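Quantities reported herein were computed from a predicted structural model and do not represent experimental measurements.
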Amino acid sequence: MPEQTSPASPTSPKSYRHIILTTYPGQSGVEPVPLEWGAPDAKSRGPIVVSRSGNLVKRRNAIGAHGGSYSIYNALAIAAGELDADFRPDLRNSEPTSKFAQQPAWGDKTKIVSMDPYGHDIVNQYREELEAGWDIRPTMAITRANMKLAEIGEAVKEGKLDVDGSIIVDSSGEVRVTKVAVEPVWYLPGVAERFGVDEGTLRRALFEHTGGSYPELITRTDLKVFLPPIGGLTVYIFGPPERVSDENVKLALRIHDECNGSDVFQSDICTCRPYLAFGVQEAIREAQNGGSGVVIYFRKEGRALGEVIKYLVYNARKRGGDTADKYFTRTENIAGVRDMRFQALMPDILHWLGIKKIDRMLSMSNMKHDAIVESGIKILERIPIPEDMIPSDSRVEIDAKINAGYFTTGKQYTMEELAQVRGRGWEKWEDITH
């Protein structure tokens, strides 16, 4: 049995006699709680149990930990004595602020493989288990809020959007919104199928290339669910949430991948913040016209390569002559690939929302378009970012992407022409010599 004795730590909040490195199917006491992904309802599907506390370590039916990328902070809090390892959250009054009708996709294991479709409603669906002391936690949360975006305030002042008192509530451009936060929950056979690999190959890659952090990916092939330590997504819904799945009204949708430098700090080297603001504006406009507006924000910083890689690429671009024909080459030289966002899992949230057609897709990405359409959702119109919203230093990015397949209603450049599209240099900045 893969256990080793560990001495008690005088500084730890709670001492454990053994460290359980991994478990095996059929091992004494190992009896995972039944879980049938794709079952027609939450109760017949069964709860997701991932806790290792107490006797639950042998009843778990999933690998990983709650919290996505924040699971490491949870472990730090336990190590520091700030959090009890056996803590159970009090979920009273935390239930969703809006009721989302169950969609057929919730019970279809081919449509949703990267999130728990019942993860927002565990208080109601698994009340008996919770009262019995089971550590079952939400992987989704639904709330409502008011938000302010400078560009929306400007659009109101310029008369591009109206104060209706329901969606835009005042002349400053304050907006009411319903928000849905989602942590990743992967059904490994379905994820493997999306990427065209066998499940064993996926499990081995996940195990080996996370430093061997999750040995049960290898030893527990009977466990089919994995909670990966990555960022999730947030859905922003403008207008009544029930309209999102109504095919009789129009839907405007922006799928946006995180870009902290532009989205938050408004760096002008890319079109991310302008396109996000445009997406929010058009989503609000559609909702005010009686339809529905949705913006979905994925935590995939720097094309899922991360901010360190992104900044290294920026340096290579600016020092090497920042031209559009070399845009992707600079990334490939440093990261090995040009993009790791892999949109194959992205449509799951659309199916959870019950979206069957998108009237106005506020994205130029061919990868996002193809993933959505291939999943069975129709896109009726694609809306590129308006030319007057493109920062001058981001022409390198947007023109390179258009050349690589992004949708446009404007000019498409040849590779020869791309070589003449040049970004702002560092001529007036002091730089170190290399």
For [X] and [Y], which I'm curious about, is there any donor-acceptor pair between the side chains at under 3.5 Å?
| X | Y | result |
| --- | --- | --- |
| Asp263 | His256 | yes |
| Asn74 | Ser71 | no |
| Ser365 | Ser363 | no |
| Asp257 | Gln343 | yes |
| Ser44 | Glu36 | no |
| Arg220 | Thr22 | no |

Report yes if the side chains of [X] and [Y] come closer than 4.5 Å at any heavy-atom pair, otherwise no.
| X | Y | result |
| --- | --- | --- |
| Tyr187 | Asp116 | no |
| Phe278 | Ile383 | yes |
| Pro391 | Thr271 | yes |
| Leu253 | Lys368 | no |

>> Ring centres under 6.0 Å, that's the criterion: do Phe226 and Tyr214 meet it?
In response: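 Close enough - the centres of the two rings lie under 6.0 Å apart.
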So for atom [atom1], which belongs to [X], do other residues, nucleotides or ligands contribute more than 12 heavy atoms lying within a distance under 6.0 Å?
| X | atom1 | value |
| --- | --- | --- |
| Gln288 | CD | yes |
| Lys356 | NZ | yes |
| Tyr73 | OH | no |
| Lys160 | NZ | no |
| Lys300 | NZ | yes |
| Arg88 | CZ | yes |
| Arg52 | CZ | yes |
| Glu158 | CD | yes |

> Where does the angle between the aromatic ring planes of His120 and Trp352 fall among parallel (under 30°), tilted (30 to 60°) and perpendicular (over 60°)?
Replying inline: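 Ring orientation, 0 to 90° scale: perpendicular.
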> Which one of Asn61, Val225, Leu35 satisfies the side-chain contact (heavy atoms from CB on, under 4.5 Å) criterion with Val49?
Replying inline: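 Result for side-chain contact (heavy atoms from CB on, under 4.5 Å) with Val49: Asn61.
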> Taking Val396 as the fixed residue, which of Arg330, Arg317, Lys401 is the one that meets the side-chain contact (heavy atoms from CB on, under 4.5 Å) rule?
Replying inline: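 With Val396 as partner, side-chain contact (heavy atoms from CB on, under 4.5 Å) holds for just one option, Arg317.
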> About how many Å separate OG of Ser51 and CH2 of Trp134, when rounded to the nearest 0.5 Å?
Replying inline: 10.0 Å
>> Using ring pair (Phe, Tyr, Trp, His ring centres under 6.0 Å), reason through Phe195 and Phe342 one step at a time and then give a plain yes or no.
In response: CA-CA 9 Å; Phe195 285 90; Phe342 302 125; 5.8 Å; yes
>> What verdict does the salt bridge (charged side-chain N to carboxylate O under 4.0 Å, His left out) test give for Asp135 and Arg137, after you've listed the backbone C-alpha separation in whole Å, the side-chain angles of each residue and the deciding distance to 0.1 Å?
In response: CA-CA 6 Å; Asp135 189 3; Arg137 305 195 184 191; 2.8 Å; yes
